[in-house]
Amino acid sequence: MRITSTCCICPVLVCLCFVQRCYGAAHHGSIKVTRNQTKHIEGETEVHHRPKRGWVWNQFFVLEEHMGPDPQYVGKLHSNSDKGDGSVKYILTGEGAGTIFIIDDTTGDIHSTKSLDREQKTHYVLHAQAIDRRTNKPLEPESEFIIKVQDINDNAPKFTDGPYIVTVPEMSEMGTSVLQVTATDADDPTYGNSARVVYSILQGQPYFSVDPKTGVIRTALHNMDREAREHYSVVIQAKDMAGQVGGLSGSTTVNITLTDVNDNPPRFPQKHYQLYVPESAQVGSAVGKIKANDADTGSNADMKYTIINGDGAGVFSISTDKETREGILSLKKPLNYEKKKSYTLNIEGANTHLDFRFSHLGPFKDVTMLKIIVGDVDEPPLFTMPSYVMEVYENAKIGTAVGTVTAQDPDTANSLVRYFIDHNTEEDRYFTIDANTGTIKTAKIFDREETPWYNITVAASEIGLCKAVPESRNGPTTGHRTSAVCGALIYSGDNPGLVSHVPVGIRILDVNDNPPELAREYDVVVCENAKPGQVIQTITATDKDNSANGARFHFSLDEGLSLNPNFTLRDNEDNTASILTRRRRYSRTIQDIYYLPILISDGGVPPLSSSSTLTVRVCACERDGRVRTCHAEAFLSSAGLSTGALIAILLCVVILLAIVVLFITLRRSKKEPLIISEEDVRENVVTYDDEGGGEEDTEAFDITALRNPSAAEELKYRRDVRPEVKPAPRHHPSSSLDSINVQEFIKQRLAEADLDPSVPPYDSLQTYAYEGHRSEAGSISSLDSVTTQSDQDYNYLGDWGPEFKKLAELYGEIESERTT
């Protein structure tokens, strides 16, 4: 880095170079190198010592920012092995070797070829070695040394954080610390005064001062007022060389702002104000503003306005706008010019954030007087009530008076008032109003049960705002789109603000014009086993009229009919009645439906009545009163069965009947002779598994058909196969029953079956083999025991219960046959 002021520093450089050269020559220039040798000490034998290092080093110094044309001499290397014959070669390695630092390899002189800057690099580490030029072998071990860059004052102090912005409260004490600034110098602080900095103020006096050593800025005056001057620009200088001549300097700017404190009380610009407010001003609306000035800012200028006294304190209120710090005057109650034409208010404005350090400056509040003048305006008519509720009976004639509304002009002129109905809804057309008196009348006949309440809006305006128009046959006409009907007049709509409105509710009163009737359709059932005086149904009634005209109902049987022998009615006197039976036992087969006329009357004036008929069905019931079945049609309909379900039930019944008929038919077919159904013969043999009693055992099987050919003379056709060819008639020779041979008879039948084309080949008669002649032995079958006499008594079977009832009857018949 180059020095800016060369004129003043050149003598110093010359002196430094001279000192360095002398110092280097005396201490560093010639480096002694001792040879490794063996000393002979007197009185001792020769001792071999370890070779010592031949380099003795100290630091070299080089000035920074060298500006000369020639390289700057740094120092000299020399070895004891160097005899001056050039056989020793010096080698320099390390940081900057060959580029910044060069060495004469013969003499060992080191020079710097470039200008160095200590602020970039403070020192360089290099290595030196002496070698034999001929053999290139090292004469001494390699050694390390340092070249330090010696500092000069070439850097001015700098403020790294500037410029500065800082605040200090106004009215601060003298010497109050504001800010501490710090300047840095890149020069070496350990060498001379190049980095020794002192501070001074160049701009900002006499308001501020700076400490020359620490750089602390302080206030230099008492009671610095922000309202007089708020911003200050202070210039601070930092100079090295302890501020001496020739030192380098730097400066920075410090912007100081005085912050506000509450040291100024609020003040109203005037002590008296006057405000005009029309009497038509709406309650809650702002009618005026007032403001007290405060030189302070921020929260120190926050203010609150209050009404401290005056005759208008109950009519007006004041609030504070936090943004504009104005007092907003609002209306609390309506104004009336005719009653009071002016008000006086005392308004106070006071700071909300006080600083007691400045309480000696006076009270931080101010008071002013405000006079309010009420202005007279033309006001709309005023109704005597905010709303009206009227009543009229239903079925009243058209033109019946319902009620009257009243409005007056509040102005001193006291103009006449005209009334009209706002026809905004259909309900408004059901009434009319007298434009002069405000009397409301009906325009139709009302039914309370249809609509019990009507809401209309009545408007009133001064007579000057209406103009006469001809009436049409159907009522008032409209001559302008924005006009409103004023009875027989029309409202022009030029100033709608002078029309007042009031809601009117009209209640339709009830008259007894609806007879009572049963509350619902009743399904009355009486059991066949009912007892006299039994309650079979409780009925109730309803009335469309209100409770005043139908709260009490009376029930009775129709007196125009003769005394009902079946049922009677009892009035429970709680708007219900009970149906009771008058006799015992009812029969559906005789009469399944009864009709009971009932007369119901209410307690209105005049009383109204109606007649209703109850239908009573006769049903079969269980002992506990549950209905089991009623008339077929009624039962099915009550069960909710559809036509499809009824058809399905009928089909099931038909199918069951067909099954029963088929079963009976099959049972009858089994009673035919076994010759027709040969399968039965085989089935009997398989079932009973016994040999039977032979041909003489006629109880098990009727063998007459086998013995008597005439019994089978009639052709028996099979029922399972329909013959296609009619068989030829068979002729059997007549013979007596005893002379026929069974074996011959079976063979004959078998041959006929084989030749008959209409008979299947599985004729059941072919399954039996001939057993031969009858056996001489008697039968061992129990079937023959019925013909034998027995002394057994079977009467005890009747005591065994229903399971043995059939067996007891069977043996009882046998005993009776034996007796007979």
Side-chain angles (χ1 to χ4, degrees), residues 1 13 16-42 44-152 188 191:
M1 185 180 294
L13 292 176
L16 290 175
C17 292
F18 177 76
V19 171
Q20 190 272 340
R21 292 293 298 271
C22 295
Y23 181 83
H27 298 85
H28 319 297
S30 178
I31 301 175
K32 296 180 180 180
V33 180
T34 60
R35 296 286 299 174
N36 295 334
Q37 58 185 349
T38 303
K39 295 183 179 181
H40 296 273
I41 301 175
E42 186 178 356
E44 295 182 2
T45 58
E46 184 178 55
V47 180
H48 294 278
H49 296 279
R50 179 174 168 226
K52 295 183 180 179
R53 205 168 94 179
W55 303 99
V56 179
W57 292 107
N58 284 315
Q59 294 180 345
F60 288 114
F61 293 89
V62 60
L63 289 175
E64 68 171 337
E65 304 293 345
H66 176 68
M67 305 300 294
D70 298 327
Q72 183 180 1
Y73 181 75
V74 177
K76 184 180 180 64
L77 298 179
H78 183 73
S79 174
N80 291 338
S81 301
D82 190 358
K83 304 299 182 178
D85 55 357
S87 62
V88 178
K89 182 180 180 180
Y90 296 96
I91 299 174
L92 185 67
T93 60
E95 295 179 340
T99 57
I100 299 176
F101 303 101
I102 60 176
I103 187 172
D104 189 333
D105 60 353
T106 301
T107 64
D109 293 331
I110 302 173
H111 292 81
S112 173
T113 61
K114 294 183 179 180
S115 177
L116 302 179
D117 188 358
R118 190 199 68 84
E119 286 70 35
Q120 292 184 359
K121 191 171 180 63
T122 60
H123 65 276
Y124 295 86
V125 179
L126 294 97
H127 298 83
Q129 191 174 27
I131 63 174
D132 192 327
R133 189 181 295 275
R134 291 186 300 272
T135 63
N136 287 331
K137 293 183 178 180
L139 299 175
E140 300 291 343
E142 185 182 74
S143 296
E144 182 182 88
F145 67 97
I146 297 174
I147 299 178
K148 284 191 174 183
V149 181
Q150 195 166 4
D151 183 49
I152 63 173
D188 189 0
Y191 181 78

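All residue numbers in this chain count up from 1 along the given sequence.
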Residue pair [X] / [Y]: nearest heavy atoms and the distance that separates them:
X: E144; Y: H127; answer: OE2-NE2, 3.2 Å
X: L126; Y: A97; answer: CD2-CB, 4.1 Å
X: D117; Y: E64; answer: OD1-OE1, 3.3 Å
X: E142; Y: T93; answer: OE2-OG1, 4.0 Å
X: V88; Y: S81; answer: CG2-O, 3.6 Å
X: T106; Y: R133; answer: OG1-NH2, 3.3 Å

Nearest-0.5 Å distance that lies between atom [atom1] in [X] and atom [atom2] in [Y]:
X: L77; Y: D105; atom1: CG; atom2: CG; value: 11.5 Å
X: I147; Y: L92; atom1: CD1; atom2: CG; value: 7.0 Å
X: H111; Y: I103; atom1: NE2; atom2: CD1; value: 10.5 Å

Under the side chain to side chain contact (heavy atoms under 4.5 Å, CB included) rule, collect the residues that match up with H123, sequence neighbours excluded.
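Side chain to side chain contact (heavy atoms under 4.5 Å, CB included) list for H123, sorted by chain: V125, I146, K148.
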Check side chain to side chain contact (heavy atoms under 4.5 Å, CB included) between K121 and all other residues, then give those that pass, not counting sequence neighbours.
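With sequence neighbours excluded, K121 shows a side chain to side chain contact (heavy atoms under 4.5 Å, CB included) to E95, Y124, given in chain and number order.
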If we ignore hydrogens and angles and just use 3.5 Å, is the side chain of [X] paired with the main-chain N or O of [Y] as donor and acceptor?
X: K89; Y: N136; answer: no
X: S87; Y: D132; answer: no
X: S112; Y: F101; answer: no
X: Y90; Y: S79; answer: yes

Validation row: Y73, D109 side chains within 4.5 angstrom (heavy atoms)
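Yes, their side chains come closer than 4.5 Å.
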Answer yes or no: is there a side-chain heavy-atom contact under 4.5 Å between L116 and Q72?
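When only atoms from C-beta onward are counted, Q72 and L116 do not touch, as no gap falls below 4.5 Å.
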